[in-house]
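Just below is one structure, and these are the notes that go with it.
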Amino acid sequence: QAQVVESGGGLVQAGGSLRLSCAASGRTFSRYAMGWFRQAPGKEREFVGGISWSGGRTYVADSVKGRFTISRDNGKNTVYLQMNSLKPEDTAVYYCAARNSISVGTRSPEYDYWGQGTQVTVSS
């Protein structure tokens, strides 16, 4: 069983940057693919990006491609979401999730463990 906890959200002006961290625990975490999702009020939960268990493959949604980067440090059991050039439309609660697979999934039902979410607010 795994547990994940996000941190690093906050308020930032458009064009700014934030780095979200996801601290994970569990003996099998190193073989879990990880995903980042976000959900804005009144909208469906959206896939942002994911990373394979090895870190060798990363995937970023088209809406954030070129601005967001995912990385993983299995030694620290930590996954990062670096967000640059933030826009007001990036405002959402961001969730980290773990999937009991070595490969990334893009849909929320494919993930087994979820963090509590961290709020990211981008102002104009």
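If you read the sequence from its start, that first residue is 1, and numbering goes on from there.
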Parallel, tilted or perpendicular for Phe68 and Tyr94, by the 30°/60° rule? tilted
Anything under 30° is parallel, anything over 60° is perpendicular, the rest tilted; go ahead and classify Phe47 against Phe37.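 Plane angle over 60°, so perpendicular.
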Would a 4.5 Å heavy-atom cut-off, applied to side chains only, mark [X] and [Y] as touching?
{"X": "Met83", "Y": "Asp90", "answer": "no"}
{"X": "Leu20", "Y": "Val120", "answer": "yes"}
{"X": "Thr69", "Y": "Val60", "answer": "no"}
{"X": "Ile70", "Y": "Tyr80", "answer": "no"}
{"X": "Arg38", "Y": "Val64", "answer": "yes"}

Nearest heavy-atom pair of [X] and [Y]: which atoms, and what distance?
{"X": "Val4", "Y": "Met34", "result": "CG1-CE, 3.9 Å"}
{"X": "Ser124", "Y": "Pro88", "result": "OG-CG, 3.6 Å"}
{"X": "Ala33", "Y": "Arg72", "result": "CA-NH1, 3.8 Å"}
{"X": "Gly117", "Y": "Glu6", "result": "N-OE1, 2.9 Å"}
{"X": "Ser85", "Y": "Arg67", "result": "O-NH1, 3.0 Å"}

So how far is it from [X] [atom1] to [Y] [atom2], rounded to the nearest 0.5 Å?
{"X": "Thr91", "Y": "Gln119", "atom1": "OG1", "atom2": "CD", "result": "7.0 Å"}
{"X": "Leu86", "Y": "Gln13", "atom1": "CG", "atom2": "CD", "result": "11.5 Å"}
{"X": "Gln82", "Y": "Leu18", "atom1": "CD", "atom2": "CG", "result": "8.5 Å"}
{"X": "Cys22", "Y": "Trp114", "atom1": "SG", "atom2": "CH2", "result": "11.0 Å"}
{"X": "Glu46", "Y": "Thr106", "atom1": "CD", "atom2": "OG1", "result": "11.5 Å"}
{"X": "Thr118", "Y": "Trp36", "atom1": "OG1", "atom2": "CH2", "result": "7.5 Å"}

In this structure, would Ile51 and Leu81 fall into the same cluster of hydrophobic residues linked by side-chain contacts under 4.5 Å?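 Hydrophobic grouping puts Ile51 with Leu81.
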Is it the case that one hydrophobic cluster holds both Val79 and Val93, taking links as side-chain heavy atoms less than 4.5 Å apart, direct or via other members?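 Each belongs to a different hydrophobic cluster.
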So, does Arg57 use its side chain to make a donor-acceptor pair with the main chain of Ser52 at under 3.5 Å?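 No, Arg57 side chain to Ser52 backbone: no donor-acceptor pair under 3.5 Å.
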Residues that Lys65 engages under salt bridge (Lys or Arg N to Asp or Glu O under 4.0 Å), provided they are two or more places apart: Asp62
Using a 6.0 Å cut-off, check whether atom CZ of Arg19 has over 12 heavy atoms from anything other than its own residue. yes
Does Val104 form a side-chain contact (heavy atoms from CB on, under 4.5 Å) with Tyr111? I'd like the steps, not just the answer. CA-CA 9 Å; Val104 172; Tyr111 287 82; 3.7 Å; yes
Residue pairs involving residues 96-111 (criterion salt bridge (charged side-chain N to carboxylate O under 4.0 Å, His left out); sequence neighbours excluded):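 Sorted result for residues 96-111: Arg99-Glu110.
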